[in-house]
Amino acid sequence: MSEPLLVVKKLNARLGAAQLLFDVSFEARAGEVLVLVGRNGAGKSTTLKAVMGLASISRKGLSGEITFAGQSIIGREAHEIARLGLGYVPEERRIFTDLTVAENLEVGRMPSRTNVSDAPRWSVERVCELFPKLAEMLDRPGGHMSGGEQQMLTIARTLMGNPRAILLDEPSEGLAPIVVERIAESIKALKREGLCVILSEQNMQFASAVADRAALIERGTMTASGTFAEISASMVSVG
């Protein structure tokens, strides 16, 4: 088994006087999909944002260890973490609605990681192979796309940064079932490319379709980890 690419140990996060995460620990490897599951408000998205150095969580409010590709990233700025090869796809998508699809993709472009042999190398052509729908609308403004098309675009834009790992926050949220199936197939394709994928998800059917492993988060605490079947059983037992 390969060494973990992302390691999180005893991660705590505070926002003012409120503690949001309590000793959250997990690890993920290249070519693996780890799904963080749990109810709405359990702390899944907060975990991803804390790892990425984002949101209103003050860096002073973080403690524990976060290591990516052998380097400590806890307390670093988000753009520094991104340059190391950790990509992030927000739940809100945050595409540039006035820019075309092609222009949105160019915004995310970063040089190939020539010093990392296993890092996938992405181009406009390659992301359009992953999401053929985007190839048909390269000149379309982002604001004239459906929710599913915008989700494909925001994943593709993140891939243009040539990440070694990608954090996906609720990728199936608000999407039609047929689009959810397409997103699931794209995540499986990213796994085959050797990408490390960590995602937060409430849709258990979607999660079961893509997960190699899963971790259950409840009230900011990771209460179980293992196969998806094991985690599903845990959720039933506490539900």
Side-chain angles (χ1 to χ4, degrees), residues 1-13 20-38 42-55 57 59 61-76 78 80-89 113 116-120 158-159 161-171 187-188 190-202 204 206-235:
M1 184 178 292
S2 63
E3 290 295 316
L5 185 60
L6 177 67
V7 178
V8 177
K9 292 183 179 179
K10 294 186 177 299
L11 177 62
N12 291 272
L20 307 177
L21 300 177
F22 301 83
D23 288 340
V24 170
S25 299
F26 63 89
E27 56 186 41
R29 292 170 171 79
E32 176 181 57
V33 179
L34 172 67
V35 181
L36 307 182
V37 297
K44 306 184 303 298
S45 295
T46 299
T47 298
L48 297 187
K49 290 175 180 177
V51 170
M52 198 67 201
L54 286 172
I57 303 170
R59 286 186 295 278
L62 294 177
S63 65
E65 299 179 29
I66 308 174
T67 304
F68 179 69
Q71 297 190 49
S72 174
I73 61 172
I74 191 166
R76 291 201 185 190
E80 296 175 328
I81 296 172
R83 286 173 183 160
L84 291 174
L86 184 57
Y88 175 72
V89 178
R113 302 181 190 282
V116 181
S117 61
D118 64 348
T158 301
L159 292 175
N162 291 306
R164 299 180 67 188
I166 187 170
L167 308 177
L168 292 168
D169 194 358
E170 301 284 357
I187 291 173
K188 293 175 186 177
L190 295 177
K191 173 189 170 181
R192 291 193 293 270
E193 289 281 348
L195 205 66
C196 174
V197 180
I198 304 98
L199 61 95
S200 68
E201 189 55 61
Q202 293 183 67
M204 298 298 283
F206 172 79
S208 68
V210 300
D212 291 303
R213 294 185 298 112
L216 175 61
I217 297 183
E218 298 177 297
R219 299 180 181 179
T221 301
M222 188 161 289
T223 58
S225 63
T227 66
F228 186 82
E230 291 168 341
I231 297 307
S232 296
S234 296
M235 294 186 73

Exercise. Between M52 and L86, is a side chain to side chain contact (heavy atoms under 4.5 Å, CB included) present by the stated rule, with each step listed?
Worked result: CA-CA 8 Å; M52 198 67 201; L86 184 57; 3.9 Å; yes

Seminar exercise, completed: Between the CD atom in E32 and the CG atom in D212, the distance rounded to the nearest 0.5 Å is 5.5 Å

For this session: Identify the heavy atoms of P171 and S200 that sit nearest to each other, and give their distance.
Result: CD-O, 3.5 Å

Exercise. Which heavy atom in D169 sits nearest to a heavy atom in K49, and how many Å separate them?
Worked result: OD2-CE, 4.1 Å

Problem set entry | Backbone of L62 reached by a side-chain donor or acceptor of N12 within 3.5 Å | no

Exercise. Any side-chain heavy atom of L168 sitting closer than 4.5 Å to one from Y88?
Worked result: no

Problem set entry | Close side-chain approach of I74 and V51, heavy atoms under 4.5 Å | no

For this session: Determine yes or no for a side-chain-to-main-chain donor-acceptor pair under 3.5 angstrom, with T223 supplying the side chain and E218 the backbone.
Result: no

Problem set entry | Non-hydrogen atoms of V35 and A207 that approach each other most closely | CG1-CB, 3.8 Å

For this session: Output yes when a side-chain donor or acceptor of Q71 lies under 3.5 Å from a complementary backbone atom of F68, and no otherwise.
Result: no

Problem set entry | Ion pair check, R29 and E27, cut-off under 4.0 Å | yes

Problem set entry | Heavy-atom side-chain proximity of I217 to T47 below 4.5 angstrom | yes

For this session: Indicate yes or no: at least one non-hydrogen side-chain atom of F228 is less than 4.5 angstrom from one of M204.
Result: yes

Exercise. Does the side chain to side chain contact (heavy atoms under 4.5 Å, CB included) test come out yes or no for S45 and E170, once each step is laid out?
Worked result: CA-CA 8 Å; S45 295; E170 301 284 357; 4.3 Å; yes

For this session: Could you tell me whether K9 and D23 have a side-chain N and a carboxylate O separated by less than 4.0 Å?
Result: no

For this session: Could you please spell out the steps behind the side chain to side chain contact (heavy atoms under 4.5 Å, CB included) verdict for L199 and L167?
Result: CA-CA 6 Å; L199 61 95; L167 308 177; over 6 Å; no

For this session: Compare all side-chain heavy atoms of L5 with those of R164 and state whether any distance is below 4.5 angstrom.
Result: yes

For this session: Please step through salt bridge (charged side-chain N to carboxylate O under 4.0 Å, His left out) for the pair K44 and E201, ending with a clear verdict.
Result: CA-CA 8 Å; K44 306 184 303 298; E201 189 55 61; over 6 Å; no

For this session: Report the distance from atom CG of L11 to atom CE of M222, rounding to the nearest 0.5 Å.
Result: 9.5 Å

Exercise. Which heavy atom of A78 sits nearest a heavy atom of G53, and at what distance?
Worked result: CB-O, 3.9 Å

Exercise. Atom CD1 of I166 and atom SG of C196: how far apart are they, to the nearest 0.5 Å?
Worked result: 10.5 Å

For this session: May I ask you to decide if G70's main-chain N or O and T67's side chain share a donor-acceptor pair within less than 3.5 Å?
Result: no

Exercise. When rounded to the nearest 0.5 angstrom, what distance separates OG in S208 from CD1 in I231?
Worked result: 13.5 Å

Exercise. Say you draw a straight line from CG of L48 to CG of L54; how long is it, rounded to the nearest 0.5 Å?
Worked result: 10.0 Å

For this session: Mark yes when over 12 heavy atoms from residues, nucleotides or ligands other than K10 sit less than 6.0 Å from its NZ; otherwise mark no.
Result: no

For this session: Please round to the nearest 0.5 Å and tell me the distance separating atom CD1 of I73 and atom CG of L6.
Result: 6.0 Å

Problem set entry | For L195 against A165, the heavy-atom pair lying closest together | CD1-N, 4.1 Å

Problem set entry | Considering all heavy atoms, the nearest V33-V210 contact | CB-O, 3.3 Å

